[in-house]
Asker: 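Sharing a structure with you now.
Reminder, nothing fancy here: chain letters follow the sequence lines and each chain counts from 1.
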Amino acid sequence: MEKNKSFLRNEGVQALLSSILCIIIGLIIGYIVLLFINPQGASGAILAIIKNWANSSRSTLQLKNLGSTLVNTAPLLLCSLSVLFAYKVGLFNIGASGQYTAGIIVALYGALALHLPWIVCMVLSIIAGAIVGAISGALKAYQNVSEVISGIMLNWILLYAANMILSSVKEPSDIYTLKMAKNAPQAILPTLGLNSIFNNHQYVGIAIPIALIAAILVWIILDKTKLGYELKATGLNKNGAKYAGMKENQNIILTMAIAGGLAGLAASCLYLTGITEWSCATASVPGMGFNGIAAAFLGGLNPLGSILSSYFIQHISMGGSFVDLSIYPSQVADLISSIIIYLCGFVAFFKLMMNQFLDKKDAKGGK
Amino acid sequence: MATFLLLAEYTLIFASVLMLVALGGCYSEHSGVINIGLEGIMVMGALGGALVMNMFPGLSAPLMILAVMAGSMLFGVIYSTLLGFSAIHLKADQTIIGTAMNMLGVALATIIVKTINMQANASNPTSTLQYIAQKKLFLVKLGSFEFNWFMLISLVILAIAYVVMYKTRFGLRLQACGEFPQAAASVGIDVYKMRWSGVLISGLLGGLGGIVYIMAGVSEWKFENGVAGFGFLAMAVMIFGQYRPLRIGVSALLFGFFRALGNVYTGFGFLVALNIPSTLYNMLPYIVCLIVLTFTSKNSRAPKADGIPYEKGQR
Amino acid sequence: MAEQYAIEMLNITKRFPGIIANDNITLQLKKGEIHALLGENGAGKSTLMSVLFGMYQAEEGIIKKDGKEVKIKDPNDANELGIGMVHQHFKLIECFSVLDNIILGVEPCKNGFLQKKEAREKVQALSNKYGLSVDPDAIIEDITVGMQQRTEILKMLYRDNEILIFDEPTAVLTPQEITELMKIMKNLAAEGKSILFISHKLAEIMEVADRCTVLRKGKYIGTVNTADTTMEQLSSMMVGRDVSFHVAKQEAKVGDTVLSVKNMSVASKTKGKQAVNNVSFDVKAGEIVCIAGIDGNGQTELVYGLSGLEPLSAGTINYKGKDITSTSIRERSVMGISHIPEDRHKHGLILDYPLEFNMILQNYFEPRFLKNGLFLNRPAIRKFSDRLIEENDVRSGQGSITITRAMSGGNQQKAIIAREIDKNPDLLIAVQPTRGVDIGAIETIHKQLVALRDAGKAVLLVSLELDEVMDVPDRILVMYEGEIVGELDPKKTTQEELGLYMAGAKRDGGNK
């Protein structure tokens, strides 16, 4: 039997279709929730979420808002790469948030207390994230501790550590850390002139190309190199990797260190722009790492797909701030992204259905 | 002396939470489904119980206790169907589903509470519910020890779990499905049904654990904050307890103790004298958890088919 | 008057996407007989039994019980009709007791609470009646395979099953245990039970069965009385041509010692003792040495120790004059040791990798497969993989890019063997290389082993199959409870003598 080489059978196409399906269902459920809360404004609210920066009437403001979305997309992309990299090696990096928080601690402390230049702060944040990741990796490799549970525990430990350590560099009368622009201009990321494109958005800069380059590097490492071959083999079959003489435990630790490094880098890519400060009274783990999970799966676990999915997730979460907050809670955007992750669990099922449908069509179509 | 009683009180109530949720996880995992979503189930259960207190503030003590339990269990069970459906029928990746449920739980609970608050009072867009008066109905003063009915209820549920697991047909069949579902199916056991039972019971107990948690030590709850990793601590309690009810009870006491220290350490002169920042006490349960798991995960007694989707006809 | 049949499966057809697993098959089991079902791997035996058990529904054909048509939709229906089965891979819960396993699914209960006392009495009575000795309170993972099998038989008897199916029951037993089982089966038949005995071992069928039905490639070939037939006839019915049972080989030209093991011990992972206990032996160039023994007597751990997958707890390994006791797996492989692993899914393959990536699993790091030392050289990998596929007749849907998981077990095994032999090893450790492979391929694999030996290489074969143990090697070492209990010359020994060593009844010396 000649198998019909349909365009729809292509893996990439199927991944894209599955992701679009997840998005559509997620948005529909979000819309239904909005209808429950208040039917009158629901259509406007869901449109506001989808439009995000396009809500503004003036093009200059649109550019500014698009710029802000991109500034926040860069760290999200890096977090999703962190999750993705680990997942390809069979590890679920739910600890990306903790690694990210470790990066925040080091980047902000280095910038505000030690007055280090941005590049040093950035390297330190990568190292900090890598160390936290490696702890999870080592516990998994040598003591069989689930990386999910150790990751969650480290998330909370680092959250409290951040509150404790960074309170030494906060505004005396406030809970937030000192403003970067005033207190650590040497540590602000260079803009490379990119800011001028976005109507002189002061926070747009080198972080965006760094994140894109990281995505391409991750893709090359996983797909084209000996290291990627080894790491993926370890992830797919740890015993098989050991049999083939690979150092399977070291590979697990290395993977988690790289994943942690990416999450740590994400932290400096956001906090060293100066766009936001850390609140020393933060009571829950930063959502960036969890959104990274959403972006990684929505992107079909492909580094290049992550670029699109990270932008999309950031787009709707920023869009959440454009809904009428006197009627709707901004968490509607979180709700939509968590529903999308939930649906991403079904991607294998979607693909199966798609293939069964194609098989049936082929069978009907005859020879 | 009073601080010791206070420490005991907090230890017991936090141990109750951990025990309930860990037992919930225990049912689910013995049936063969890993429940990473316990955290989200706790949030939804907490919401269910808090809504009951919010809507029926005038109930008498016994009725209030029963109604709050029913509300939290109902919400937990309904929410756990998200896991059951996807893990049992669609063979979805249980880790992703659980993670999504944890995020969704917080988002959904926040939206619901905010909407209720805003409808009651347009200038109150918070995600906080208060239950100061209602909470008192759950407490009984025994001298200077504040007894919480949930402590007794948890103990009873622990005893029931022990009997169910080891003395009943249901327990035997449940465990068979988590160890070797094909073998269970070959003797005519409906694996899907047993796995659904495991997941729904974990929703029931996880939900109950959620309401106990948000009533421990406080009289209002901000739902945006979720339950601070307690669902995962409960999983650690379950692993440390080697998936056996009685051991889970003991390890819940241990973890409960370290969690309680954070609330009451200021009462102990020698601890205050050590001059350790309070955030370190907040970190303590998580650190202890990491250390304990480091030394106990190697010989994990997890059910053999835990987390592996079961497919009919596959041998 | 028509014959009395306990079960009839008439004109059964079952299709799966791409293949017809059962094509118009008829099987009639008389009351009180032992009926063998013979066929190679993939002949359709398992599918037919799954249909009888309601795990699959046949597209065509009917099933009759005592002459009346019945519908079997799930194992419960089969159970109600009194059909029971001992599966080849036991369906036992390892952490449960024998008693719990027997009653699972039909537990005696009062209000949902287990009543184990009456169950225990019934089990005790059955075990006395049929001579099936078991300890009801023992945990399955602690007891021998033979005892586990008796537990499975008791499971059927406890349910008062009248029709008993044994799926390849002898594969895991010693010759003595096999004799014991044959006796039990005859007992059961004498008590009026009807027995269906699935096997591909002709001698056993000739010994125990009254009649035999043969399947080949999903088709019904015929049913014969064993009294009126010969092993040769059965074999050609099964395979479709005449096969030689004997591996042709010349006298071994033994050279220098390649592998020398001294006082080797390996700790057990599950139990607190030595899985391999103070073992010493040599393997020389130009000979095939076979480690024989019942599954679970330390062979697995012995190989883990030799390949470096597990550390030794004592002793030394010497390879071509060098001490490799603590050398890494990778170094041992580079030094010329190849390893065909026991479990191809656990160790031998990365199942979700394309075939070409599995072909380079042992040498992906060599410069010929890399560009600049960092990047994979895809064209070189493809060329290498295509060559191995071609030379070894490895069949897969899309050649080098086939996802390995999608290939048949036999072809997966061929790929592993191709990879390991292409490394041109000085020592090949082959663990059950013919497991799950059909007869034609078994012949080829045996020839490959002999060719390697004739080329002056050392081969260490680990096998559970008695025929293989008797036919292929130049020397046999028998392992029992982690120790080498005897060294035998396959030309001078008999299966019976081998069996005594394997069962631990005899040790040391041998006929060497």
Side-chain angles (χ1 to χ4, degrees), chain A residues 33-34 36-38 87 92 94 135 139-140 142-146 148-165 167 283-285 287 290-291 293-294 297 325-349 352, chain B residues 34 36 39-40 82 86-87 89-115 118-119 122 125 127 222 224-226 228-229 231-233 235-236 239 277-280 282-283 285-287 289-290 293-300:
Chain A
V33 170
L34 291 171
F36 265 107
I37 299 173
N38 183 335
Y87 197 80
F92 195 78
I94 204 169
I135 293 174
L139 288 175
K140 167 85 176 184
Y142 294 114
Q143 296 302 128
N144 193 29
V145 179
S146 156
V148 174
I149 296 186
S150 73
I152 293 282
M153 296 303 139
L154 286 167
N155 285 350
W156 287 95
I157 292 170
L158 283 153
L159 170 73
Y160 289 120
N163 285 347
M164 187 163 73
I165 294 167
S167 53
S284 58
V285 175
F290 296 113
N291 284 330
I293 298 173
F297 284 97
L325 290 179
S326 66
I327 311 174
Y328 300 110
S330 61
Q331 276 79 8
V332 170
D334 292 348
L335 180 94
I336 293 173
S337 34
S338 50
I339 289 171
I340 290 174
I341 309 188
Y342 181 75
L343 295 167
C344 283
F346 300 164
V347 164
F349 177 74
L352 185 77
Chain B
I34 295 183
I36 300 262
E39 184 101 356
L82 281 183
S86 55
H89 295 293
L90 301 188
K91 291 157 197 68
D93 183 320
Q94 296 173 12
T95 314
I96 307 175
I97 295 297
T99 306
M101 285 172 67
N102 292 336
M103 295 170 65
L104 183 64
V106 178
L108 200 59
T110 308
I111 290 172
I112 292 172
V113 176
K114 276 191 175 176
T115 308
M118 281 197 284
Q119 269 163 3
S127 63
K222 190 177 175 194
E224 263 173 276
N225 289 344
F232 286 93
L233 279 178
M235 286 188 77
I239 295 170
S278 67
T279 34
L280 264 185
N282 290 332
M283 284 187 210
Y286 309 104
I287 294 174
C289 171
L290 260 190
L293 286 182
T294 303
F295 292 105
T296 55
S297 295
K298 199 116 204 194
N299 301 314
S300 165

Asker: So which part of I37(A) gets closer than 4.5 Å to some heavy atom of chain B, the side chain, the backbone, both or neither?
Answerer: both
Asker: Hey, which of I36(B), T99(B), V106(B) has the most heavy atom pairs under 4.5 Å with chain A?
Answerer: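 Answer, by heavy-atom pair count under 4.5 Å with chain A: T99(B).
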Asker: With a 4.5 angstrom heavy-atom cut-off, could you sort out which part of I135(A) is near chain B: side chain, backbone, both or neither?
Answerer: neither
Asker: With chain B, which of Y328(A), F92(A), W156(A), F297(A) has the greatest number of heavy-atom pairs at distances under 4.5 Å?
Answerer: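 It is W156(A).
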Asker: Hey, what do you get for CD1 (I340(A)) to CG (L104(B)), rounding to the nearest 0.5 Å?
Answerer: 11.5 Å
Asker: Non-hydrogen atoms of chain B under 4.5 Å away: do they reach the side chain of A161(A), the backbone, both or neither?
Answerer: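 For A161(A), heavy atoms of backbone and side chain both lie under 4.5 Å from chain B.
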Asker: Return the minimal non-hydrogen interatomic distance between A100(B) and S338(A), and the atom names on each side.
Answerer: CB-O, 3.7 Å
Asker: Quick check: closest heavy atoms across M118(B) and I327(A), and the distance to 0.1 Å?
Answerer: CE-O, 3.4 Å
Asker: CE/M235(B) to CD1/I152(A) distance, rounded to the nearest 0.5 angstrom?
Answerer: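 That separation rounds to 9.5 Å.
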Asker: Is I239(B) in contact with chain A via its backbone, its side chain, both, or neither, using a 4.5 Å heavy-atom distance?
Answerer: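 Answer is side chain: those atoms of I239(B) sit under 4.5 Å from chain A.
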Asker: Using heavy-atom distances under 4.5 Å, tell me whether Q94(B) contacts chain A through its side chain, its backbone, both, or neither.
Answerer: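 Neither part.
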Asker: Quick check for you: among L233(B), L82(B), T110(B), D93(B), which has the greatest number of heavy-atom pairs under 4.5 Å with chain A?
Answerer: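 Max contact count across the listed options: L82(B).
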Asker: Using heavy-atom distances under 4.5 Å, tell me whether F349(A) contacts chain B through its side chain, its backbone, both, or neither.
Answerer: side chain
Asker: Evaluate whether atom CZ of F36(A) has more than 12 neighbouring non-hydrogen atoms of other residues, nucleotides or ligands under 6.0 angstrom away.
Answerer: no
Asker: Just jot down the ring pair (Phe, Tyr, Trp, His ring centres under 6.0 Å) partners of Y342(A), sequence neighbours excluded, or say none.
Answerer: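 Expected list: F346(A).
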Asker: Under 4.5 Å, counting heavy-atom pairs only, tell me which of I112(B), N102(B), I287(B), L280(B) racks up the most with chain A.
Answerer: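 Sorted descending by pairs with chain A, the first entry is I287(B).
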Asker: Ignoring hydrogens, what is the shortest heavy-atom contact between A92(B) and G345(A)? Give both atom names and the distance.
Answerer: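 The answer is CB-O, 3.2 Å.
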Asker: Looking only at non-hydrogen atoms, find the nearest pair between T279(B) and M164(A) and report the distance.
Answerer: OG1-SD, 2.9 Å
Asker: Just jot down the salt bridge (Lys or Arg N to Asp or Glu O under 4.0 Å) partners of K140(A), sequence neighbours excluded, or say none.
Answerer: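 K140(A): salt bridge (Lys or Arg N to Asp or Glu O under 4.0 Å) contacts with E147(A).
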Asker: CD1 of I94(A) to CD1 of I96(B): how many Å apart, nearest 0.5 Å?
Answerer: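 Answer for the CD1-CD1 pair, I94(A) versus I96(B), is 11.0 Å.
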Asker: Heavy-atom cut-off 4.5 Å, strictly under: side chain, backbone, both or neither for I157(A) against chain B?
Answerer: both
Asker: Is there a donor-acceptor contact under 3.5 Å from the side chain of N144(A) to the main chain of S297(B)?
Answerer: yes
Asker: Does any backbone or side-chain atom of L335(A) lie under 4.5 Å from a heavy atom of chain B? Answer side chain, backbone, both or neither.
Answerer: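 Interface part for L335(A): both.
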Asker: Could you have a look at V285(A), L343(A), L139(A) and say which one has the most heavy-atom pairs with chain B under 4.5 angstrom?
Answerer: L139(A)
Asker: Is any side-chain heavy atom of V148(A) closer than 4.5 Å to one of F232(B)?
Answerer: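 A side-chain contact exists here, since the closest heavy-atom pair is under 4.5 Å.
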Asker: To the nearest 0.5 angstrom, please state how far the CD1 atom of I339(A) sits from the CE atom of M103(B).
Answerer: 11.0 Å
